[in-house]
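Below, chain A is the first sequence line, B the second, and so on; all start at residue 1. Computed from heavy atoms alone, side chains included, the values below leave out hydrogens, waters and symmetry copies. The structure displayed is predicted, hence computed values, not measured ones.
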Protein chains: 4
Amino acid sequence: MVARMHDSTSPRKGRTGRPRSAEADRAILDATRAALVDLGWGKLTMGEVAARAGVAKTTLYRRWANKNELVVDAVAVLFDELELPDRGCLKSDIEGVVLQFGALLARPETKTALMAVVAESTTDNALRERIRSAIVDRQKRLVVLGRERAQQRGELPPDSPGAEGALAATQAVGLIFDVIAGAIVHRTLVSSEPVDPAWAHSFSTLLLTGLVGLG
Amino acid sequence: MVARMHDSTSPRKGRTGRPRSAEADRAILDATRAALVDLGWGKLTMGEVAARAGVAKTTLYRRWANKNELVVDAVAVLFDELELPDRGCLKSDIEGVVLQFGALLARPETKTALMAVVAESTTDNALRERIRSAIVDRQKRLVVLGRERAQQRGELPPDSPGAEGALAATQAVGLIFDVIAGAIVHRTLVSSEPVDPAWAHSFSTLLLTGLVGLG
Amino acid sequence: MVARMHDSTSPRKGRTGRPRSAEADRAILDATRAALVDLGWGKLTMGEVAARAGVAKTTLYRRWANKNELVVDAVAVLFDELELPDRGCLKSDIEGVVLQFGALLARPETKTALMAVVAESTTDNALRERIRSAIVDRQKRLVVLGRERAQQRGELPPDSPGAEGALAATQAVGLIFDVIAGAIVHRTLVSSEPVDPAWAHSFSTLLLTGLVGLG
Amino acid sequence: MVARMHDSTSPRKGRTGRPRSAEADRAILDATRAALVDLGWGKLTMGEVAARAGVAKTTLYRRWANKNELVVDAVAVLFDELELPDRGCLKSDIEGVVLQFGALLARPETKTALMAVVAESTTDNALRERIRSAIVDRQKRLVVLGRERAQQRGELPPDSPGAEGALAATQAVGLIFDVIAGAIVHRTLVSSEPVDPAWAHSFSTLLLTGLVGLG
DNA sequence: ACTTAATCGAGACGGTACGTCGCGTCTTTAA
DNA sequence: TTAAAGACGCGACGTACCGTCTCGATTAAGT
């Protein structure tokens, strides 16, 4: 189910009949997020979402094919709030974004939704692709940006020139992203301990100087 | 559901009544893993597991309260196969365990089951606790062991003496575990790229020497 | 369970939503009767009825709260086939209806179902009420009709005028109904002997002339 | 299952091993009657009876093969209390026994148990036979006795002599028994109205003088 | 006293049916 | 044509009892 059933931007010109309610769209997505917080993924039902949104089940299915699609759309927007403020040095930049991401994952709807859709994606390639494009890849910009800033400051060596260097840089971005996002997610969801300033400090130290520097 | 319904280690001394069948335990867990491979998390049903195990559904529910608890126990044992072979230096040891863990997560039953139960655990504290005790905490041994070995070899500084030092060491183990496990899980399940020797090399380099060394 | 879950007579005017399928109603009641013949009360299951009716189990439960209620409704209609043909004199009329009722109770589905629901009704007031309204009270018409006819023929004295007379008539109908129905049921189900013309003759003689006349 | 699994009168001579507990027998039958009152036939479970009797389920099944057998044994004794006191005339004798039987059937355990086993017997011939021998036929003595008394008093004509007359007398007893017992059972369990002196009077009048005499 | 063996309680076992819940679809009336 | 309402077929759920089967612990009668 890659093809969207739903595109609120198309005005559906030249069509007859009663138009779809834009308000229903908003109410459904809001209800989905709220229900996710209250019930979690497993207890979330389409009927419940419809009831909370004051809408018939038919109206949901007219827009989204199933629970996964609905939830991905409902939560994708939540991840766009991450930013990389310039705190003057690479270490501070890292700590800042780590704390932001940690705070985001501490919120119940974010935590629940992210894990649920990722879990579902292990058996649904289309869903995995959708998550990557809608959520994950968009956040790699933070790593790219932080890296560029650090190179300009001289905290990191510049990329090697040429195609090889570009490839190495891409791979480095991927690696760093997996390490940062993975560590935060694992600490929050598996170890279930908080991503607080002390941990952010330890983590950024490890990331910058390695195990030897950790002491 | 804090109290365990199931504890195969206690021999139930002095208790009356017919004892639980140890063979049923084993058959159920085997059937769960097999069904997980064939059907995936979403299609896995208690009835199917019972049928495959040649056991009544009641027998499952007598031991596990629901699908999540059962799958955690069924999958937990898979993680016990991880080892830390002595490859002579810290870097090689890390690469070895990273590759092992990566291979484990590449198997469908591990991947799908682990993500699903972690997702459910975001709204189920008892389940989270069970995951931690049955899976996560038991694997921290690998980090502890690798650290000790490296200290004996002189690759890492020894722990500071006294209570403070012990605390710092515990925190360091937790941090390192979150970083290693988090990175592997994230690469496998979110980025959906393989944990191969090249990546293991890059990752262990980053972990040992930090971003500067990655250059 | 005083409120009816099921009322096929109300056309639900002005209500919204998909209406209940009248065909499903019929199919379910037919299937219930057929299954009753094949399986008997004890082996009759809701799932079996649903399967025979080509209907989902939920559809049964949407209409009837349990097996008893369903069977009462399924069997009630069978009693409507009883008639009081005009055979010219009271005694013949009685013999006719006695034989009809005896034949009805000889059929397996009637016998097994009636006794089972009556047995359940000893501890279920709602069920007893349903039996009375769906089966018993509707057949009192036969007694009322037979009595009127006999009065018109002069075989029985007319009702006394006034309220007292009406009350006495009502009580007489109740008494006669208990005697006739009770005797037939008892002979069939407890004594397990047939209601044949000879017995019908003896019984109607007893009923008309009393023990002295039986001599 | 006509053969008894259980015979408390045999001392089991010459057998070794622990003897059966006579107290358990009594406790089980008492518990069965009590549970029948509280729960009714449908909700009565072997486990419940065992728990109330302070006995293991095994102990029940060692003595009775199933619920039916147990309940028949538990309730048969209740019907032996009926008597036919000599009140001087046939009509009074009838009213007396009608009221006795009515009072017996008004008690919850009697009512429930009788209907339950009769219902079950519609699909179990052995059970029907057991009921007839243990309960029904034993009460026909009341009709025989009352008839003889009335004949001695000259209220009823004597039996015709010879084999034919004996047959006729047997059939008359059967008919009268079905009418009396049937009417009382029907009024109590189906019409669910009380068998009080007024009704007993009307009924005995009908029985003696027939419909014409009923007025 | 010591064996022998049937009984006891407790409770796990393989089954069957239960009545409920959520899914995603279909069918109605109203706007 | 869409909307709300709600019935539909389907399939899994988790529970309740069934009647059977181990268990270890009693409890006599026969040695």
Side-chain angles (χ1 to χ4, degrees), chain A residues 12 15-21 24 42-48 50-51 53-67, chain B residues 12-21 23-24 42-48 50-51 53-67, chain C residues 12-21 23-24 42-48 50-51 53-67, chain D residues 12-21 23-24 42-48 50-51 54-67:
Chain A
R12 253 176 0 95
R15 299 268 303 242
T16 175
R18 177 172 170 173
R20 289 204 181 151
S21 159
K43 305 288 181 189
L44 179 72
T45 69
M46 296 300 260
E48 173 73 18
V55 142
K57 266 196 307 175
T58 334
T59 305
L60 264 74
Y61 283 107
R62 218 171 270 123
R63 290 162 161 79
W64 291 275
N66 54 52
K67 213 161 83 166
Chain B
R12 250 176 10 91
K13 276 184 195 173
R15 303 250 293 111
T16 176
R18 178 173 175 174
R20 295 243 172 110
S21 159
E23 185 163 359
K43 303 291 183 187
L44 180 70
T45 70
M46 296 297 259
E48 174 71 18
V55 143
K57 231 182 356 161
T58 11
T59 300
L60 265 76
Y61 283 108
R62 222 171 266 125
R63 291 161 160 77
W64 293 275
N66 52 55
K67 207 163 85 167
Chain C
R12 249 175 11 90
K13 277 183 193 172
R15 304 251 292 112
T16 174
R18 179 173 173 174
R20 296 247 171 106
S21 159
E23 185 162 0
K43 304 290 182 187
L44 181 70
T45 70
M46 297 297 260
E48 174 72 19
V55 144
K57 234 183 350 162
T58 18
T59 301
L60 265 77
Y61 284 107
R62 221 170 268 126
R63 292 162 160 78
W64 293 277
N66 51 54
K67 205 164 87 167
Chain D
R12 247 175 7 96
K13 279 183 194 172
R15 300 264 306 236
T16 177
R18 177 174 175 172
R20 290 210 179 144
S21 159
E23 186 163 359
K43 305 288 180 190
L44 180 70
T45 69
M46 297 298 260
E48 173 73 17
V55 142
K57 264 196 308 173
T58 333
T59 304
L60 264 76
Y61 283 108
R62 215 172 271 123
R63 289 160 161 80
W64 291 275
N66 53 53
K67 211 161 85 166

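The side chain of B/Arg62 approaches E/dC13 more closely than any other nucleotide in the set F/dG9, F/dT15, E/dC13. The nucleotide whose nearest atom lies closest to any side-chain atom of B/Ala24 is, among F/dG9, E/dG9, E/dC13, E/dC13. The side chain of D/Thr59 has E/dG9 as its nearest neighbour among F/dC17, E/dG9, F/dA3. Of the listed nucleotides (E/dC18, F/dC8, E/dC8), E/dC18 has the atom at the smallest distance from the side chain of C/Tyr61.
Contact record, D/Ala24 with D/Ser21: N-OG, 3.0 Å, taken as the closest heavy-atom pair. Minimum interatomic distance between B/Met46 and B/Asn66 (heavy atoms only, all atoms of both residues): CE-C, 3.9 Å. When all heavy atoms are compared, the tightest approach of D/Ala56 to D/Ala50 is C-CB, 4.1 Å.
Ranked by how close their nearest DNA chain E nucleotide is to the 5' end, C/Lys43 and B/Gly54 are led by B/Gly54. Nearest-nucleotide positions on DNA chain F place C/Ala56 closer to the 5' end than the other of C/Ala56 and B/Gly47.
Atom CD of C/Glu23 and atom C1' of F/dG9 are 15 Å apart (whole Å). Atom CH2 of B/Trp64 is separated from atom P of E/dA12 by 14 Å (rounded to the nearest Å). Computed from coordinates, the B/Asn66 CG to F/dC13 C1' distance equals 11 Å when rounded to whole Å. Nucleotide F/dC17 holds its C1' atom 14 Å from the CG atom of D/Leu60, rounded to whole Å. Rounded to an integer number of Å, the gap from CZ of D/Arg20 to P of E/dA5 is 18 Å. Whole-Å rounding puts the A/Leu44 CG to E/dC23 C1' distance at 13 Å. F/dA12 atom C1' lies 11 Å from atom CE of B/Met46, rounded to whole Å. Distance A/Lys67 NZ to E/dC21 C1': 12 Å, rounded to the nearest Å.
Terminal axes of the helix from E/dT3-F/dA29 to E/dA31-F/dT1 (five pairs each, C1' rotation axis) are separated by 20°, to the nearest 10°.
Atoms OG1 and NZ, on D/Thr45 and D/Lys57 in that order, are 8.5 Å from each other to the nearest 0.5 Å. The line from OG1 of B/Thr59 to CZ of B/Arg20 is 9.0 Å long, rounded to the nearest 0.5 Å.
A donor and an acceptor atom sit less than 3.5 Å apart, one in the side chain of D/Lys57 and one in the base of F/dG19. Judged by distance alone, with hydrogens and angles left aside, B/Arg18 brings a side-chain donor or acceptor within reach of the base of F/dC21, the pair sitting under 3.5 Å.
Proximity of C/Arg63 to the phosphate of F/dC8: a side-chain N or O atom is located under 4.0 Å from OP1 or OP2. Look at C/Thr58 and you won't find any side-chain N or O under 4.0 angstrom from OP1 or OP2 of E/dC21.
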For nucleotides 1-4 of chain E, print each protein N/O atom paired with a nucleotide N/O atom at under 3.5 Å, atom names and distance only.
none

